[in-house]
Amino acid sequence: MQNNENINEWIIWIEEAINKKHIKYYEFENFKNIQEIGSGTFGKVFRANWKNFDHYLALKSFFNLNSITLKEIVNELKFQRDVYFHNNIIRFYGITKLESSTENIFNPTKGYLLVVEYTDSGTLREYLKNNFHRFTWNDKYNLAYQLACSVLCLHEEGIVHRDLHSSNVLIHQGSIKLADFGLSKRINDASKSQSKLLGRREITVPNTPNDYSNLYTECWNNEPSKRPSIHEVVNRLRTSNRITIYQQNDISDKTSPMPNENKTPIRELSNIDTTSEIDRMSTNEQNKQLVENLENSLGENENLREKLQILQKGNTELIELNKTLRSQLDETTAQLECARPSVYQGNKDIDAVMENDKKVRSLLESRMVDLMAKKNKFMCF
Ligand SMILES: Nc1ncnc2c1ncn2[C@@H]1O[C@H](COP(=O)(O)OP(=O)(O)OP(=O)(O)O)[C@@H](O)[C@H]1O
């Protein structure tokens, strides 16, 4: 009885949020090309097109919509509004509901499905497994940095993930998308007693830069107060000097259907990067380091600019030289073309002279033979 009351309470909350347009409702019949793409402890995940749009959305179903699951869905929806602006966190777009006629295809799924951002490269775990060999340290730092930023965003909004592992982190176009925060693990926590397990710690991979291995081993300190804060993790990854912070080009902003009316204003990631994060740097030492790094990279940029100018100058000179040589070549070719008929005629004349010469020579030879014969005859007398 109590259980049914709870279920009703959460269903009323969801329906009210839909009616008041706090949550966008997607008519299920408008989803096309629905394909199952994954399955977890709590439900299945499908990929689908919305209406005639080309891009995909993900639909998350639940095997068992009991009061605990519904409560956690509601919590997830509330959290989502606070972190909607962050590029490295999966976006929640809205809700759809299966009509009874369609239920059987998704058996044993029923009821509400969450409509969320679709990611194209599976979980971070699979992504690392398939691509690790081709990653540079810069790539690895970037993934770590994006992940730390997404966790920082949750913490800033008072949300604790509590189940952060590589299967709850998805990858889209090479970027991190943190998923399942405050949902799956909390459902678990709510239904089972909490266990405090220490996870397995890896042995440092050979050639890992010291600043990176130091950072993550500090994060594993058994004494939580000795672990670096998430601010520090973000700052140390940022100032590690290897990082190239990619400006993410989030196509979903342009193409995805979004909850319009009640969308939380999207704070730009770049604002966080340049102002608030730097403001929060915990020590002068880090500020100094950051300024030094910036100065170094400005100096390097200046050097590169000078080298580029020299190269451009050399290139212009080469183009000019090439032009002069080509015009000289054209001129010589034209002269040769002009001379070709007279050379041809000269050759013919020489052949005629030689022919004539041959005839004269043979005539002379035969006269010589006659003369010799006459001389011999005369000598005999
Ligand atoms: N938004 C999404 N876009 C694309 N694929 C997704 C998305 N969400 C989940 N998936 C895929 O579906 C699989 C199942 O996801 P789901 O969140 O239901 O379970 P899980 O988090 O992997 O497991 P568990 O619930 O047991 O922790 C994921 O491993 C992933 O491959």
Side-chain angles (χ1 to χ4, degrees), residues 24 26 31-50 53-66 68-73 75-77 79-80 83-84 86-96 98 106-131 146-147 150-151 154 159-192 194-195 197 199 248 250-253 255-259:
K24 184 172 168 70
Y26 289 77
F31 286 106
K32 312 249 160 68
N33 308 320
I34 301 172
Q35 263 182 42
E36 187 176 327
I37 51 171
S39 182
T41 317
F42 302 100
K44 292 185 179 182
V45 181
F46 302 88
R47 183 184 81 174
N49 294 110
W50 167 247
F53 294 106
D54 286 337
H55 68 281
Y56 294 116
L57 299 179
L59 306 179
K60 289 197 75 170
S61 68
F62 297 90
F63 292 132
N64 185 14
L65 271 183
N66 57 27
I68 297 170
T69 321
L70 271 166
K71 182 181 170 203
E72 295 305 328
I73 291 175
N75 277 345
E76 169 106 351
L77 302 188
F79 292 155
Q80 274 285 353
V83 295
Y84 191 86
H86 204 287
N87 270 337
N88 298 119
I89 297 177
I90 279 285
R91 287 195 171 117
F92 164 76
Y93 294 145
I95 275 197
T96 185
L98 289 174
F106 296 93
N107 195 32
T109 322
K110 57 175 185 251
Y112 296 106
L113 290 107
L114 303 186
V115 183
V116 298
E117 184 180 358
Y118 167 76
T119 56
D120 61 8
S121 307
T123 63
L124 176 63
R125 190 183 193 82
E126 293 151 2
Y127 188 67
L128 290 177
K129 207 166 139 198
N130 298 334
N131 298 288
Q146 288 177 23
L147 188 52
S150 63
V151 174
L154 289 188
I159 303 163
V160 184
H161 192 288
R162 301 175 79 185
D163 191 22
L164 187 59
H165 57 77
S166 52
S167 296
N168 273 342
V169 177
L170 301 171
I171 300 288
H172 185 66
Q173 306 277 308
S175 288
I176 293 283
K177 299 279 176 182
L178 183 56
D180 277 349
F181 58 94
L183 182 65
S184 56
K185 198 60 189 177
R186 284 196 184 183
I187 295 166
N188 236 358
D189 289 346
S191 52
K192 289 182 192 158
Q194 196 180 30
S195 61
L197 294 174
Q248 287 181 42
D250 190 354
I251 49 166
S252 66
D253 281 340
T255 53
S256 304
M258 300 284 185

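Numbers for residues simply follow the sequence, beginning at 1. The structure presented is a predicted model; accordingly, all values stated were derived computationally and were not measured. Indexing begins at 1, ligand by ligand and atom by atom, following the structure's order.
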*Candidate list His86, His172, Glu117, test side chain to side chain donor-acceptor pair (under 3.5 Å), partner Lys177, passing option*: Glu117
*Part of Val45 with heavy atoms under 4.0 Å of ligand 1, whether side chain, backbone, both or neither*: side chain
*Who passes salt bridge (charged side-chain N to carboxylate O under 4.0 Å, His left out) against Glu126, sequence neighbours left out?*
none
*Would Lys60 count as a contact of ligand 1 if the rule is a heavy atom under 4.0 Å away?*
yes
_Residues forming a side chain to side chain donor-acceptor pair (under 3.5 Å) with Asn130, sequence neighbours excluded_ = none
*Which atoms of ligand 1 sit under 4.0 Å from any heavy atom of Ile37?*
4 (C), 5 (N)
*State whether the shortest distance between N or O atoms of Asn168 and N or O atoms of ligand 1 falls below 3.5 angstrom.*
yes
*Using a 4.0 Å heavy-atom threshold (strictly under), name the region of Glu117 that reaches ligand 1: side chain, backbone, both or neither.*
backbone
*For atom 23 (O) of ligand 1, the option (of Gly40, Ala179, Ser121) bearing the nearest heavy atom*: Gly40
*So which bit of Thr41 gets within less than 4.0 Å of ligand 1, heavy atoms only: side chain, backbone, both or neither?*
both
*Going by the atom numbers of ligand 1, which of them fall below 4.0 Å from some non-hydrogen atom of Ala58?*
1 (N), 2 (C), 3 (N)
*Residue portion contacting ligand 1 (non-hydrogen atoms closer than 4.0 Å) for Ser39*: backbone
*asked:* Quick one, Phe92 with Val115, criterion side chain to side chain contact (heavy atoms under 4.5 Å, CB included). Give me CA distance, side-chain angles, the key distance, then yes/no.
replied: CA-CA 6 Å; Phe92 164 76; Val115 183; 5.9 Å; no
